Amino acid sequence: MIIPEGENTMPDFPAADWSSLVDLLAVQGHAVLPAALPAASWIALQAEARQLLGQGAFAPARIGRGDSLHRESSVRGDGLCWLEPGLAAGSAYLRWMEGLRLALNRELFLGLDEFEAHYAHYPVGAFYRRHVDRHRDSNARVISSVFYLNAHWREEEGGELLMQDEAGEVLFAQPPRGGTLVLFKSADMPHEVLPATRERWSIAGWFRTRS
Ligand code: OGA
Ligand code: MN
């Protein structure tokens, strides 16, 4: 990679074993990959997110879309900051997920056109009630991803991602451990984020088709 002088760049993150993960996603509709990146990579992402929060770059999360977009703290209490190419660690993350987008298209013929993602910060006690990621009036979101940025997370600190099937049966409860990547189908998997006794950092992202 050529690094232009003075640009806000970071070397590429090492590619994960995308094809095993994609196989698992195809079979189960969801997949979890612990240690998807070395600690140095996700610690750099967490550091960038903290810096952005300090600069006031995070906005309270809203729910809905277009005209129905509104703030709803009884539904979700996280703050978010969208990743864009000007961010050093954030853009390395976008390039890393580009490798996964290509693997998803190559192996599952999903025809995914783009990936969007934001840093998410859940203050102590914040939660995100049961929801489905695909918006009611758009089928653009096909695959959801969540990547966790928290060092030394302990089970008793809570903050699990609770994943359900269409019938509402709990499939798994994933603690937000740094380096763990979770993928699931955006359309038909309800899930929620439980409150934690500690602040909680993650990157939520969606592979989309142009609708
Ligand atoms: C979301 C979401 C899960 C998590 O942002 O839509 O469900 O574990 N996040 O942070
Ligand atoms: Mn979600």
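Remember, it's 1-based here, ligands and their atoms both numbered in the order they're listed. For the numbers below, each heavy atom of this structure counts, side chains included, while hydrogens, waters and symmetry mates do not. Note that the structure is predicted; figures quoted are calculated from it, not measured.
Salt bridge status for Glu192 with Arg129: absent, with no side-chain N to carboxylate O gap under 4.0 Å.
Residue, atom and distance of the protein heavy atom nearest to atom 1 (C) of ligand 1 are Tyr128 CE1, 3.7 Å.
The side chain of Arg200, and not its backbone, has at least one atom closer than 4.0 Å to an atom of ligand 1 (non-hydrogen atoms only; side chain from C-beta on).
Note on ring orientation: taking the six-membered ring where Trp is involved, the planes of His118 and Trp82 are perpendicular (angle over 60°, cut-offs 30° and 60°). Under the 30°/60° scheme for interplanar angles, the aromatic rings of Tyr93 and Trp96 are found to be tilted. Ring planes of Phe207 and Phe115: tilted class, angle from 30 to 60°.
Judged by distance alone, the side chain of Ser202 and the main-chain N or O of Val146 form no donor-acceptor pair under 3.5 Å. With Ser138 contributing its side chain and Ala140 its backbone, the two residues share a donor-acceptor pair below 3.5 Å.
With a 6.0 Å cutoff to the six-membered ring centre and a 45° limit on the axis angle, Arg177 does not count as a cation-pi contact of Tyr148. Relative to the six-membered ring of Trp206, Arg141 meets both conditions, a distance below 6.0 Å and an angle of at most 45° to the axis.
In terms of polar-atom proximity, defined here as any N/O pair under 3.5 Å, His131 does make such a contact with ligand 1. Close N/O approach between His191 and ligand 1 is found [any backbone or side-chain N/O within under 3.5 Å]. Looking at ligand 1, you'll find an N or O of Asp133 within less than 3.5 Å of one of its N or O atoms. The shortest N/O to N/O separation between Tyr148 and ligand 1 falls below 3.5 Å.
Within a radius of less than 2.8 Å around the Mn ion (ligand 2), the protein N, O or S atoms are His131 NE2, Asp133 OD1, His191 NE2.
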Between side-chain atoms of residues 29-46 and protein atoms elsewhere (two or more places apart, or another chain), which donor-acceptor pairs fall under 3.5 Å?
from, atom 1, to, atom 2, distance (Å)
Gln46, OE1, Arg50, NE, 2.9
Gln46, NE2, Leu149, O, 2.7

